[in-house]
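Below is one structure; the comments refer to it alone.
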Amino acid sequence: MTYRFVHAADIHLDSPLRSLALRHSELAELIGNATRRAFVRVIDLCLDEQVDALLIAGDLYDGDQTSMKTARFLAEQLRRLDQAGIRVFIIRGNHDALSKITKELVLPDSVKIFGGRGEAIAIDRAPGHVPVVVHGLSFAQPHAPDSLLGRFRPVVDGAVNIGLMHTSLGGTPGHDLYAPCSLADLQATGFHYWALGHVHKRSATEGTCAIVMPGMPQGRDINEAGPKSVTLVTIADDRSIYLEERVTSVAQFERVSVDATGMDDWRELVSAVTRALENQRDAVRSEHLVARVRVTGATPLAWRIRRDSDLLETEADDRASVIGSCWIEQLEIACRPAEQRSEASGDPLIELHRLIEDDVLDSAAFQNELAGIAEEIRGQLPQECRDIFGKDEASFREAVARLARDGAEGVMARLEAPGEGA
């Protein structure tokens with residue numbers, strides 16, 4: 001007597017690699033195929049649970065794609081649902097509005113893609129079952145600066161009303177404002193379930209009006225860390241709603257911190273990195289761990305770690321391969337020397353370090369020159385990688401300053417660090 005469906009959003013099929021750090025060919029292949037593999041898991045979930053429908057709340061694609069390989073893959077997967085009698089309801093989000101495939105691809109009749117005007121689709125159910133109506137509205141253009149709520153069809157009395165909308169709600173850090181609305185606005189509509197999309201982090205508000213942002217089925221870089229999922233929804237004939245988060249991510253990005261405080265032996269450091277990776281591998285809920293390892297703390301090895309960061313990353317790669325299904329996406333060095341020598345000592349390296357810190361890095365001339373170089377480099381990067389320098393002027397300046405300080409520390413490391421075995 002229940003009505004069950006899987007709610008997914010922000011799949012971003014065949015999204016291009018967005019991290020320059022994925023230079024390892026096997027890791028790049030894993031991440032490059034991860035959105036497809038996660039989508040297959042979504043389809044498998046629908047079949048295994050024998051649900052009534054799959055709801056996709058926008059951004060099925062990643063943008064203005066022209067590859068028909070993506071189209072063929074999608075058609076094959078949706079055909080599996082069609083053969084099982086499972087309906088599919090899709091709205092276009094800001095990325096889908098750019099995609100030619102969305103408008104040109106011929107899909108099974110069981111797939112409904114909502115247009116730019118609000119529609120309400122009544123579900124055929126056996127006598128005695130509570131009526132269900134699915135409402136949807138797609139983005140007609142890549143941007144939707146105003147609320148879309150007023151364009152939805154009114155509630156159908158006596159039925160369970162389910163709405164699909166792509167929205168940033170009241171605004172979320174890292175996301176532009178799209179189709180803004182509040183939780184109170186959604187609750188006031190009289191709908192029983194709002195299937196939302198756009199924000200890549202899961203959130204759920206339960207009650208007589210359940211409002212769910214399922215997140216995304218697969219993260220694409222370290223800024224989309226953590227397990228990724230869809231939501232399995234069960235609506236009973238008494239209109240009670242039960243939500244289940246189901247993890248679908250193939251690869252799970254995680255930040256792994258290693259505290260090197262007090263360590264003065266290289267092998268001890270490598271052992272600490274290994275333990276941290278093992279612990280994180282045990283904790284992740286996905287098939288693969290993709291780790292960004294950050295070494296922190298005050299240690300006598302600080303300068304050597306910076307000088308030989310390539311060696312430490314190789315050691316980490318080796319330990320990760322032994323652990324299995326574990327990958328190093330990047331190594332970050334944020335440790336510092338255990339003891340700072342007095343500037344009164346007359347040490348020329350101390351004086352050079354002070355000169356770089358006080359007179360070079362903070363000078364306007366240096367910062368402007370560095371910004372110009374960074375702008376030139378950014379202009380030569382693929383579009384999807386340009387955010388590594390920040391998304392606005394403030395974050396751009398901050399990123400460039402951080403890179404300059406890291407570079408300065410690297411230079412000092414090579415001057416300061418003792419030789420092997422010293």
Side-chain angles (χ1 to χ4, degrees), residues 7-12 15 55-64 89-99 102 112-121 133-156 161-217 219-220 223-224 226 228-231 233 241 243 245 387 390-395:
H7 169 199
D10 300 285
I11 295 163
H12 294 281
S15 176
L55 276 58
I56 300 177
D59 286 358
L60 173 58
Y61 302 108
D62 194 61
D64 188 13
F89 297 93
I90 301 173
I91 59 170
R92 293 194 301 267
N94 52 299
H95 285 272
D96 298 308
L98 294 171
S99 176
T102 310
K112 169 62 180 178
I113 300 180
F114 288 93
R117 293 183 177 181
E119 296 180 76
I121 308 299
V133 177
V134 178
H135 300 250
L137 176 67
S138 285
F139 277 25
Q141 301 296 329
H143 299 285
D146 302 316
S147 175
L148 298 178
L149 277 180
R151 295 166 57 185
F152 276 80
R153 299 291 295 275
V155 166
V156 175
N161 290 265
I162 300 169
L164 280 121
M165 183 165 60
H166 202 72
T167 173
S168 59
L169 292 174
T172 304
H175 293 271
D176 294 329
L177 200 63
Y178 286 99
C181 62
S182 68
L183 294 180
D185 293 334
L186 294 172
Q187 290 165 339
T189 60
F191 282 32
H192 297 87
Y193 186 92
W194 275 104
L196 306 182
H198 185 64
V199 179
H200 293 175
K201 183 177 180 180
R202 186 177 191 273
S203 64
T205 300
E206 300 189 47
T208 54
C209 175
I211 303 169
V212 178
M213 190 78 72
M216 60 196 314
R220 296 168 296 168
N223 295 317
E224 295 171 345
K228 301 303 176 184
S229 62
V230 297
T231 300
V233 183
I241 300 173
L243 309 177
E245 180 186 9
D387 283 349
K391 294 185 177 182
D392 51 38
E393 181 65 21
S395 59

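Here, residue 1 is the first one in the sequence, and each next residue gets the next number. Given the structure is predicted, the values throughout are model-derived calculations rather than measurements.
Here the shortest heavy-atom pairing between Arg220 and Ser15 reads NH1-OG, 3.1 Å. Closest approach of Pro217 and Ala9 over heavy atoms only: CD-O, 3.3 Å.
For the atom pair Asp10 CG and Glu224 CD, the distance stands at 9.0 Å (nearest 0.5 Å). Residue Lys228 holds its NZ atom at 8.5 Å from NZ of Lys201, rounded to the nearest 0.5 Å. For the atom pair CD1 of Ile113 and CD1 of Ile56, the computed distance is 9.0 Å after rounding to the nearest 0.5 Å. Expressed to the nearest 0.5 Å, how far OG1 of Thr189 lies from CZ of Phe152 amounts to 9.0 Å. Atom-to-atom distance recorded for Leu169:CG and Leu196:CG is 5.5 Å, nearest 0.5 angstrom. Here CD1 of Ile121 is found 7.0 Å from CZ of Phe89. Values are rounded to the nearest 0.5 Å.
For Phe191, the ring pair (Phe, Tyr, Trp, His ring centres under 6.0 Å) partners are His135, Trp194, not counting sequence neighbours. The side chain to side chain donor-acceptor pair (under 3.5 Å) search around Thr231 returns Arg202, not counting sequence neighbours. By the side chain to side chain donor-acceptor pair (under 3.5 Å) test, Ser229 pairs with Glu245, sequence neighbours left out. Considering only residues two or more places apart in sequence or on other chains, Glu119 meets the salt bridge (charged side-chain N to carboxylate O under 4.0 Å, His left out) condition with Lys112. Qualifying side-chain contact (heavy atoms from CB on, under 4.5 Å) partners for Arg151, counting only residues two or more places apart in sequence or in other chains: Leu137, Leu148. Shown here are the side-chain contact (heavy atoms from CB on, under 4.5 Å) partners of Asp185, two or more places apart in sequence or in another chain: Leu149, Cys181, Ser182.
Side chains of Met165 and Leu186 form a contact here, defined as non-hydrogen atoms less than 4.5 Å apart.
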Validation: residues 203-214 side-chain donor-acceptor distances under 3.5 Å, sequence neighbours left out:
none

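When each of Arg92, His200, His166 is paired with Asp59, the side chain to side chain donor-acceptor pair (under 3.5 Å) condition holds for His166 and for no other.
Side chain of Asn161 to main chain of His192: no donor-acceptor pair is present (N/O by atom type, distance under 3.5 Å, no hydrogens or angles).
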